[in-house]
Structure formats: structure tokens, C-alpha cells
There are 2 protein chains.
Amino acid sequence: MQNSSDNVETPDWLDAIRWTEDGLVPAIAQDADTGDILMMAWMNRESLRLTAEEGHAVYWSRSRGKLWRKGETSGHQQVIRDIRLDCDEDVILLKVEQKGGIACHTGRRSCFYRTLKDGQWVSVDPVIKDPGTIYGSN
Amino acid sequence: MQNSSDNVETPDWLDAIRWTEDGLVPAIAQDADTGDILMMAWMNRESLRLTAEEGHAVYWSRSRGKLWRKGETSGHQQVIRDIRLDCDEDVILLKVEQKGGIACHTGRRSCFYRTLKDGQWVSVDPVIKDPGTIYGSN
């Protein structure tokens with residue numbers, strides 16, 4: 001039941017997960033200190049294995065069709081404190097230390113910055129840093 | 001941009017959501033007081049509309065193929081305090097008051113009761129109430 005050097009590609013704990021037909025699992029990232037929910041993204045088998053091995057969140061970008069090492073451009077890495085699995089074995093929860101205090105590509109702390117109010121989505125959380133500055137397009 | 005009585009089936013705010021091909025969106029439930037992540041389930045358009053209108057979480061059960069009023073059997077309803085949408089418009093976050101303090105069908109507070117430790121999933125959170133008692137099968 002342990003990872004072994006001759007089986008690094010498929011540690012047993014990955015077999016417990018009920019992957020989608022596309023081979024993915026949703027992963028929620030939560031700030032380990034504040035409890036804030038930062039984002040939800042998707043992982044494939046390799047990205048979850050790398051997340052556990054490297055200690056930083058690695059997702060699978062569905063739009064780009066490749067591994068997405070969170071923070072590789074922005075520097076806003078997520079240091080893994082805890083990896084959890086739900087009762088149905090089909091959702092991962094990461095408790096992380098969010099580098100830079102910004103998880104969202106909009107420059108906000110969390111991706112969940114809009115709240116439903118009087119039948120409209122209203123942005124209620126501030127932009128901490130201009131995305132142009134974060135991603136170097138300015 | 002407001003709900004109107006002649007358009008109750010499709011309020012505009014539902015159109016902002018990028019539903020999956022199956023017409024679903026993942027919804028994370030977070031305890032509004034403690035910040036604990038309780039569960040993740042799926043919603044279709046009707047269940048999200050009902051959640052907002054009724055003030056209690058209503059999910060879509062993919063396994064049963066029908067609306068799932070959380071707590072209808074267990075009494076463990078989730079009272080809605082806040083409904084949030086992420087930057088990609090494809091994940092919902094519910095901040096809730098968890099009735100009974102139990103969200104998981106295993107009788108635990110949260111569905112995320114297993115942590116990855118030394119290459120194994122280990123249950124680390126206690127069962128608060130026997131599921132047989134909750135669901136009346138004992």
C-alpha cells in the first residue's frame with residue numbers, strides 16, 4: 001500500500017479515486033490558515049501524483065490540455081499542507097499556503113469574488129494586484 | 001436584470017453560468033461560521049434556482065437522476081447564507097448553516113474526512129452519529 005520505486009507512476013492511493021470518463025477529478029483549494037476557498041480546478045492522475053510528490057499544487061488545464069503548475073507564471077504557488085478525499089472518492093480538497101495571497105487570475109484573493117444579490121452577480125472582493133502586473137503583459 | 005414573475009424559470013443570473021454539457025455545475029458547500037468545507041455536489045439549473053428561492057441547498061443527484069433536497073431524509077438541511085460564483089462562471093460556492101452539524105452520509109461533519117498520509121488515505125475525522133440512526137435503517 002506504499003509508493004514503491006518500481007511503481008512511481010501508479011501509487012495505490014491514486015486507484016482509490018473515481019476519475020471522470022475524461023480521467024479527471026475536481027480539486028478544491030482552501031487556504032489552510034484562513035479557511036477561505038480559493039479556487040476549484042481539475043486534476044488528472046499525473047497532476048495529483050505530482051502535487052503530492054512536489055508539495056505544490058499541479059492542476060490539469062482543460063482549456064490548454066496540459067499540466068498547469070499553479071504559480072509558474074504568477075509566482076502564486078500553492079504549498080500543500082493537506083490532501084483530502086471525500087466520501088464518494090470523486091473530489092479532492094487541498095489545504096494550501098497561498099503564495100502572494102492571490103489565487104485568482106483577476107488579481108483577487110479568491111476566484112469566488114461574486115455574490116448573488118437581488119438576482120444579480122455582484123463583485124464584492126477587491127483586486128489586490130493588477131493582473132497585467134502579475135502576468136507581465138503591462 | 002431582476003427576476004420577474006413572468007420569467008421565474010430562467011432568471012438572468014442563471015444564464016451567466018457555464019453549465020457542463022450535461023447541464024450541471026459543481027457546488028461546494030462551506031460552513032459559513034467555521035469555514036469548514038462540508039461537501040461538493042452537482043446542481044442543474046432548476047436545483048440552483050430552487051436553492052436561491054427556497055434558501056436551502058437543493059442539489060441534482062446524478063446517481064438517482066433527480067432533485068435532491070439536502071436533508072429531506074436526514075434533517076441535515078443546509079440554510080443558505082451566501083451564493084458565490086467563480087471567475088470562470090463554472091463553479092458555485094454555497095456558504096451555509098449546516099443543520100445538525102453533519103453534512104456527510106457517513107455521519108461525519110464533512111465529507112472530506114480522509115487525509116493522504118504516507119501514501120494511504122486515512123480517516124481522521126470522527127463519526128458524530130450512526131448513519132443507521134440518521135436514515136432510519138436501524
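Throughout, protein chains are lettered first and strands after them, A, B, ... in sequence-line order, and every chain is numbered starting at 1. Computed from a predicted structure; not experimentally measured.
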Apply side-chain contact (heavy atoms from CB on, under 4.5 Å) to B:Ile83 and A:Thr115, showing your working.
-> CA-CA 6 Å; B:Ile83 300 178; A:Thr115 186; 5.9 Å; no

Checking side-chain contact (heavy atoms from CB on, under 4.5 Å) for the pair A:Arg62/B:Asp90: CA distance, chi angles, key distance, verdict?
-> CA-CA 13 Å; A:Arg62 294 181 301 171; B:Asp90 60 3; 3.5 Å; yes

Output, in order, the C-alpha distance, side-chain angles, deciding distance and verdict of side-chain contact (heavy atoms from CB on, under 4.5 Å) for A:Asp12 and B:Trp121.
-> CA-CA 10 Å; A:Asp12 289 347; B:Trp121 296 110; over 6 Å; no

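Each of A:Asp86, A:Asp88, A:Leu93 has some count of heavy-atom pairs under 4.5 Å with chain B, and the biggest count is that of A:Asp86. Ranking A:Met39, A:Arg108, A:Glu89 against chain B, the residue ahead of the rest is A:Glu89, based on heavy-atom pairs under 4.5 Å.
Taking hydrophobic clusters as Ile, Leu, Val, Met, Phe, Trp and Tyr residues chained together by side-chain heavy-atom distances below 4.5 Å, A:Trp68 does not share a cluster with A:Met40. A:Leu50 and A:Tyr59 fall into different hydrophobic clusters, where Ile, Leu, Val, Met, Phe, Trp and Tyr residues are linked whenever their side-chain heavy atoms come under 4.5 Å apart, directly or through other members. Side-chain heavy atoms closer than 4.5 Å link hydrophobic residues (I, L, V, M, F, W, Y) into clusters, and following such links, even through other members, never connects B:Leu38 to B:Trp42. Placement of B:Val127 and B:Ile134 in two distinct hydrophobic clusters is found when ILVMFWY residues are connected by side-chain heavy-atom separations under 4.5 Å, directly or transitively. Under the 4.5 Å side-chain heavy-atom criterion for grouping Ile, Leu, Val, Met, Phe, Trp and Tyr, A:Ile80 is not connected to A:Val58 through any hydrophobic cluster.
For A:Ile28, the part lying under 4.5 angstrom from a heavy atom of chain B is the side chain only. Looking at B:Asp31, there are no atoms closer than 4.5 Å to chain A (heavy atoms on both sides), in backbone or side chain. Only the side chain of A:Val124 comes within contact range of chain B, with at least one heavy atom under 4.5 Å from a heavy atom of that chain. Looking at B:Thr106, only its side chain comes within 4.5 Å of chain A, counting heavy atoms on both sides. Neither the backbone nor the side chain of B:Leu94 comes within less than 4.5 Å of any heavy atom of chain A.
Here the side chain of B:Arg84 pairs no donor or acceptor atom with the backbone of A:Leu116 at under 3.5 angstrom. Checked by atom type and distance alone, the side chain of B:Gln30 never pairs as donor or acceptor with a backbone atom of A:Asp36 at under 3.5 Å.
Side-chain contact check for A:Cys87 versus B:Cys104: some heavy-atom pair is nearer than 4.5 Å. Two residues are said to be in side-chain contact when any heavy atoms from C-beta on lie closer than 4.5 Å; A:Lys117 and B:Asp82 fail this criterion.
The minimum heavy-atom distance between A:Ile92 and B:Phe112, with the atom names listed, is C-CE2, 4.2 Å.
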